[in-house]
K.L.:
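Encoded as structure tokens, here's the structure I'll be asking about.
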Amino acid sequence: MSPKTMIVMLGTGTPGPDPDRSGPATAIIANGTPYLIDFGPGVVRRAAAAFRQGVKAFGFGATKMRTAFLTHLHADHTIGLPDLILTPWIMGRRQPLAIFGPTGLQAMCDHVLKAWKLDIDNRVYGAEKLCAAGCKVNVTEIKPGLIYQDMNVSVTAFPVRHGDMTDAFGFKFRTPDKSIVISGDTAPTEAIVEHSGGCDVLIHEAYSQHTYDRVSGKWKAYRRKYHTSSIELARIATCAKPKLLLLYHRASPGGAALPNPEHVLLDELRRAYKGNVVVAHDLDVF
Ligand SMILES: [Zn+2]
Ligand SMILES: [Zn+2]
């Protein structure tokens, strides 16, 4: 029997440098193989922490993290890219990394490899003699539809609404025992309802109405265009009826040092949505 699919939350944060919440990064482990979605700051250290807690699928030094999917090119979702390319390689990964994501990902990877060229050459041709193939990156720039399939998972990408970041995706993962949808960053969109209807787990971003009411007009307009409020998400989840709704990427107050407690967001959701909902924390496993 194949092992149960697991979701490992490697980073549940936003651009705000919250030491308790690394940048967005989520791993789905199917048949013992990890598939990463987004690589925010801290991604490799969080994978190492998960390994230490017993999630052996990442491998020591995250060397088994070989396939990744990117929702969009915002910095909070991509700052971990050099870390993901280089650290597991230095720790022993010998296979290229495969990454699937929006147009512009190839250029970003090319620039990262160029930026670290001196170090890479040093490690390949110097005393370490690391395997050059292990820091190669095979990039696939994606369009909506089925973007990946192997014996463990199939992955469908669908467009979401993230303001001026036009090339932004959500993903649906199907594994032998689970269907999992992850929103990435998005304002409310029917696409989430269409793809997550009756799924096992919907992982969705959200901000609380409480913090929305306290930010400036500029940040209110930004949030409406780029992100989803608790009330809007409650409507989406009521239509989609996921077995479990996982909240992540809880928006920072935006330009002001306002408190942003998770129970406020959760209370708002629970008042408007009767299904099963939890706030995810870094290193939670579902
Ligand atoms: Zn984000
Ligand atoms: Zn974003």
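Order of appearance sets the numbers: ligands from 1, and atoms from 1 within every ligand. Positions are given from 1, in the same order as the sequence printed here. Note that these values count all heavy atoms, side chains included, but never hydrogens, waters or copies made by symmetry.
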K.L.:
Around atom CZ of Arg174, are there more than 12 heavy atoms from other residues, nucleotides or ligands closer than 6.0 Å?
P.N.:
no
K.L.:
Count the heavy atoms belonging to other residues, nucleotides or ligands that lie under 6.0 Å from NZ of Lys178, then report whether that count exceeds 12.
P.N.:
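Enclosed: over 12 neighbouring heavy atoms sit under 6.0 Å from NZ of Lys178.
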K.L.:
For the ring pair His263 and His210, is the centre-to-centre distance below 6.0 Å?
P.N.:
no
K.L.:
Of all N, O or S atoms in Asp185, identify the one at the shortest distance from the Zn ion (ligand 2).
P.N.:
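Going through the N, O and S atoms of Asp185 one by one, OD2 ends up nearest to the Zn ion (ligand 2).
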K.L.:
Has His72 got an N, O or S atom lying less than 2.8 Å from the Zn ion (ligand 1)?
P.N.:
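Given the 2.8 Å cut-off, His72 does not count as a ligand of the Zn ion (ligand 1).
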K.L.:
Knowing that exactly one of Asp282, Asp284, Asp18 qualifies, which makes a side-chain hydrogen bond (donor to acceptor under 3.5 Å, both in side chains) with Thr12?
P.N.:
Asp282
K.L.:
Does Asp76 bring an N, O or S atom to under 2.8 Å of the Zn ion (ligand 2)?
P.N.:
no
K.L.:
Would His74 count as a contact for the Zn ion (ligand 1), in the sense that one of its N, O or S atoms lies under 2.8 Å from it?
P.N.:
no
K.L.:
For His77, what is the atom name of its N, O or S atom nearest to the Zn ion (ligand 1)?
P.N.:
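Closest to the Zn ion (ligand 1) among those atoms: NE2.
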K.L.:
Quick check: Phe169 with Phe69 (ring centres under 6.0 Å apart)?
P.N.:
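Not close enough - the centres of the two rings lie 6.0 Å or further apart.
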